[in-house]
Trainee: 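Below is a structure I'd like to ask you about.
Counting starts at 1 for both ligands and their atoms, following the listed order. What you are looking at is a predicted structure, and each value in this text was computed from that prediction instead of being measured.
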Amino acid sequence: MDRRDRLIARARQGFRLAYGVEPTRFYAAPGRVNLIGEHVDYNDGFVLPCAIDRETIVAAGPPSPQTKDKLFEAVALDMGEMASARDRFDLVAPIRPGDNNWQNHVRGVVQGLGRYGHRVRPMRIAIAGDVPIGAGLSSSAAFGVAVALACSEYSGLDLAPAMLAKIAQLAENDFVGCACGIMDQMAAAAAQADHALLLDCRSLEHMAVPIHKSLAITVIDTGLRRSLTESAFNQRRAECEAVAQHFGVKALRDLDFGKLLLAEPDLDHTLFRRARHVVSELDRVEPVGVALARGDTAQLAQVMREAHLSLSEDFDVSLPPIDRLAQMVAEAIGDAGGVRLTGAGFGGCLVAVARHESGPMIDDAIARYNAEADLPARAENFRAVGGAAPIPID
Ligand code: GLA
């Protein structure tokens, strides 16, 4: 049994245990790792994530015969005891947030579909996943997009990937309380296998950028997690919006670098640094996309180093041990690839895009780091996979 088969078996068994019958359909959506364009999605900029071979699977089936006409039922198999990870709500009454995050992803998706005029049929679902939670690999976008696909497809709706992404984002913004952008959900919904997704977060236009076959994508989990991530994230977003307002532009995407530099004396220094990260990061997306397609590792090394420094020094979302590990890995691989903090930050993961032969050097650097670190870091290679889709099961 491979990884996905085990996950399907878990979702199937969880469904059977919760509801006493077999599920009839299965749906999946992947996690993602962002290669470049960090904290720019909610500033309307360009990003370059790729979907990874870790995912959320939703098993779905008809409602219970007793409650047929109006109930939606869900069980989350990775969230604590079975009893505390069940939810049911009335599809006819207004849908309100529940007590915890996973319920709110589900309720928010069903409510979001309704807001776009789509009716969800009464149904039951069981959700299982293997995207690590809290590591910066977007387990929540995988969860939200998989649920959005399950609810819509099961209800006979054929929604475009961008619509699934918007609905999952709405759930996160309005029901979970995280002011996230659209990058993670778009990666989970619209990515293509063996490619990264170059996404314009303003128009949602996107194109697939091939990942050169000489390159491996390695995610290095530092094991570090900072608490209050959501409030710090929302604060960063508010800071960016304050700068955009200061300059009278719709979003920081519209801010000229020269104008920002000229205004430094008038701006609060923290706000200036936040904007300098975003505006400089916008210029790093295209070079990384080109280097990724060409296998130009010297370019990746340089631009990803700058990106990491900018996240650490201007956006303040790194931590000293993460900076140290990033530096050790960068020195180990040299011009054979790049490494930087990925995702929201505040702990989490580094991503390295480097020649396959650099694997042992990355491992050596991590071993040296682990010899002195409080928490061991761990590296894993991921394949770039396609976005959300139903799983054909016979
Ligand atoms: C989180 C958010 C995304 C994005 C990244 C930072 O993953 O969910 O929308 O803002 O952080 O690039």
Trainee: Is the shortest distance from a Lys or Arg side-chain nitrogen in R253 or D44 to a carboxylate oxygen in the other one below 4.0 Å?
Mentor: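 The answer is no: the pair does not qualify as a salt bridge.
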
Trainee: Could you tell me whether R54 and E380 make a salt bridge, using a distance below 4.0 angstrom between a side-chain N and a carboxylate O?
Mentor: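 Judged by the 4.0 Å cut-off on N to carboxylate O distance, R54 and E380 do form a salt bridge.
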
Trainee: Check D316 with R273, please: is the shortest side-chain N to carboxylate O separation under 4.0 Å?
Mentor: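 Yes, R273 and D316 are salt-bridged.
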
Trainee: According to side chain to side chain donor-acceptor pair (under 3.5 Å), who are the partners of T222, at least two apart in sequence or on a separate chain?
Mentor: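 T222 satisfies side chain to side chain donor-acceptor pair (under 3.5 Å) with no other residue.
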
Trainee: Which donor-acceptor pairs under 3.5 Å do side chains of residues 142-157 form with protein atoms, sequence neighbours excluded?
Mentor:
unit_1: S152; atom_1: OG; unit_2: A148; atom_2: O; d: 2.7
unit_1: S152; atom_1: OG; unit_2: L149; atom_2: O; d: 3.2
unit_1: E153; atom_1: OE1; unit_2: Y27; atom_2: OH; d: 3.4
unit_1: S155; atom_1: OG; unit_2: R121; atom_2: N; d: 2.9
unit_1: S155; atom_1: OG; unit_2: C151; atom_2: O; d: 2.7

Trainee: Which pairs of N or O atoms, one from ligand 1 and one from the protein, are separated by less than 3.5 Å, and what is the distance for each pair?
Mentor:
unit_1: ligand 1; atom_1: 7 (O); unit_2: R32; atom_2: NH2; d: 2.9
unit_1: ligand 1; atom_1: 7 (O); unit_2: D184; atom_2: OD2; d: 2.8
unit_1: ligand 1; atom_1: 8 (O); unit_2: D184; atom_2: OD2; d: 2.7
unit_1: ligand 1; atom_1: 9 (O); unit_2: D41; atom_2: OD2; d: 2.5
unit_1: ligand 1; atom_1: 9 (O); unit_2: G181; atom_2: N; d: 2.9
unit_1: ligand 1; atom_1: 10 (O); unit_2: D41; atom_2: OD1; d: 2.7
unit_1: ligand 1; atom_1: 12 (O); unit_2: E38; atom_2: OE2; d: 2.6
unit_1: ligand 1; atom_1: 12 (O); unit_2: H39; atom_2: N; d: 2.7

Trainee: Can you name the side chain to side chain donor-acceptor pair (under 3.5 Å) partners of S358, sequence neighbours left out?
Mentor: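 With neighbours one apart ignored, the set is empty.
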
